[in-house]
Amino acid sequence: MRTGHPLLVILGPTASGKSALAIRLAERLAGEILACDSTQVYRDFDIGTGKDIAEYRGTSQHLVGLIGALEGFTAGDYKEHARRVLAQVTARGHLPIVTAGSGLYLRAFLEGLSPLPRRSPELRARLVQCAGERGGAYLHRMLARLDATSARAIAPRDVPKIVRALEVYFQARRPRSELFAAGRDALEGYVVIKLGLLPPRPDLYRRIDERVEQMLAAGWLDEVRRLLQRFPPTAKPFGFLGYRQLVAHLRGELTFTEAVKRIKHETRQFAKRQITWFRKEPDVRWFAGFGDDPAIQREVLAYIGELLPAASANSSA
RNA sequence: GCCGGGGUAGCUCAGAGGUAGAGCGCGGCCCUGAAAAGGCCGGCGUCGGCGGUUCGAUUCCGUCCCCCGGCA
């Protein structure tokens with residue numbers, strides 16, 4: 001039996017109501033919220049990343065708006081930031097509640113990463129140029145020569161993963177697969193309670209459509225217009241789901257109707273991928289509904305009450 | 001009503017006398033520092049209905065129904 005401070009993790013696809021549930025739990029259990037979201041770490045890109053949708057009231061939310069549009073950010077960076085904030089929240093005697101939509105970031109945070117070389121923009125630029133000149137399959141053949149194990153695990157057309165594997169090899173002079181053997185730096189000192197939100201698929205898809213409409217009604221398109229005056233269109237957050245389509249619309253490449261249609265559609269596909277990723281996450285207690293549903297909230301509180309008698313005892317508010 | 005074009009997967013469409021395919025969609029899945037990224041797998045079907053010819057018809061013939069143009 002592992003011991004340590006309790007750490008709540010709420011995971012689930014986009015629009016499943018993670019924030020609403022987190023806020024409710026934070027109010028009841030003296031918690032602080034830590035976002036685990038690869039897009040919310042960016043400043044200024046607020047409406048489309050869902051930052052402005054939830055009503056946080058007095059609850060404090062961390063790991064949101066950390067960096068500027070022109071900065072890079074990785075799963076490793078997230079792990080470092082998140083663990084630092086986690087320690088602070090715990091030191092304050094509050095219950096940390098993580099809302100997780102980015103599977104890779106959550107894994108880096110909880111399970112850690114193997115000690116691999118970090119990203120190298122220069123090296124990448126060269127590799128990508130190489131791929132452009134000699135064709136994508138060229139890089140895969142190169143990887144097969146240098147790190148056969150990784151080459152077998154990565155599809156020849158999966159360029160981003162091939163590039164990463166080569167980037168690791170050229171910096172470490174050792175194949176990625178060997179470096180993995182060192183293991184991961186898992187989070188220690190916490191008892192992790194994972195709550196999964198999984199509403200019925202048709203309901204979730206309907207909710208996604210509604211949420212996109214809400215974001216647009218909140219002035220999303222204007223936000224994009226303003227951001228385009230401040231940052232070059234190549235800035236990473238303009239590539240996020242939704243921002244990508246709205247930028248295309250503002251450039252005259254898509255009608256507004258078509259852009260909205262694509263945003264809804266691609267968001268549904270994204271939610272499906274999130275579900276696939278989270279399904280194999282170990283030790284998750286699943287709830288078949290939305291996090292803003294009072295019935296689900298009661299179920300969750302009851303479940304937590306069993307696991308944390310102390311927490312429920314002083315949460316009679 | 002007449003002439004022409006067309007009815008094949010959820011959608012757009014290709015195809016051929018031996019019970020059918022593509023793209024998208026949809027579903028399943030993968031993932032160790034750009035992950036809201038990227039990739040892999042799966043055809044999910046009364047080939048409009050009914051007759052006929054044929055060993056065999058979704059394909060050929062007849063007929064009916066429906067859609068789109070044009071002429072009335």
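In what follows, chains are A, B, ... by sequence order, proteins preceding strands, each numbered from 1. Heavy atoms only: backbone and side chains are in, while hydrogens, waters and symmetry mates are out.
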Closest of B:rC30, B:rG33, B:rG28 to the A:Leu113 side chain is B:rG33

A:Trp277-B:rC31 aromatic stacking (under 5.5 Å, under 30°) = no

Sugar-phosphate, base or nothing in reach of A:Tyr78, heavy atoms under 4.0 Å = nothing

Roughly, in whole Å, what's the span from CZ in A:Phe270 to P in B:rA37?
-> 7 Å

Indicate, with a heavy-atom threshold strictly under 4.0 Å, whether A:Glu71 touches base, sugar-phosphate, or nothing.
-> nothing

Same-atom distance (C1') from B:rA20 to B:rA9, integer angstrom = 11 Å

Residues passing the salt bridge (charged side-chain N to carboxylate O under 4.0 Å, His left out) test with A:Asp222, sequence neighbours excluded, are A:Arg225

Show which side-chain atoms of residues 147-154 of chain A pair as donor or acceptor with protein atoms under 3.5 Å away, not counting sequence neighbours.
{"from": "A:Asp147", "atom 1": "OD1", "to": "A:Ser150", "atom 2": "N", "distance (Å)": "3.1"}
{"from": "A:Asp147", "atom 1": "OD1", "to": "A:Ser150", "atom 2": "OG", "distance (Å)": "3.3"}
{"from": "A:Asp147", "atom 1": "OD1", "to": "A:Ser177", "atom 2": "OG", "distance (Å)": "3.2"}
{"from": "A:Asp147", "atom 1": "OD2", "to": "A:Ser150", "atom 2": "OG", "distance (Å)": "2.5"}
{"from": "A:Asp147", "atom 1": "OD2", "to": "A:Arg176", "atom 2": "N", "distance (Å)": "3.2"}
{"from": "A:Ser150", "atom 1": "OG", "to": "A:Arg176", "atom 2": "NE", "distance (Å)": "3.1"}

Dot-bracket for RNA chain B, 5' to 3', counting Watson-Crick or G-U wobble pairs under 3.5 Å, with [ ] for crossing pairs and | for inter-strand pairs?
-> (((((((..((((....[..))))((((((.......))))).)...(((((..]....)))))))))))).

Distances under 3.5 Å only, N/O to N/O: pair up the protein atoms with those of nucleotides 38-40 of chain B.
{"from": "B:rG38", "atom 1": "O2'", "to": "A:Asp158", "atom 2": "OD1", "distance (Å)": "2.5"}
{"from": "B:rG38", "atom 1": "N2", "to": "A:Asp158", "atom 2": "OD2", "distance (Å)": "3.4"}
{"from": "B:rG38", "atom 1": "N2", "to": "A:Lys161", "atom 2": "NZ", "distance (Å)": "2.6"}
{"from": "B:rG38", "atom 1": "N3", "to": "A:Lys161", "atom 2": "NZ", "distance (Å)": "3.2"}

Just call it for A:Phe180: base, sugar-phosphate, or nothing, with non-hydrogen atoms closer than 4.0 Å on any strand.
-> base

A:Arg184: partners by salt bridge (charged side-chain N to carboxylate O under 4.0 Å, His left out), with sequence neighbours left out = none

For residues 289-298 of chain A, which residue pairs qualify under side-chain hydrogen bond (donor to acceptor under 3.5 Å, both in side chains), counting only residues two or more places apart or in two chains?
-> A:Arg24-A:Gln297, A:Arg207-A:Asp292

Any idea how A:Tyr42 and A:Phe240 line up, ring-wise: parallel (<30°), tilted (30 to 60°), or perpendicular (>60°)?
-> perpendicular

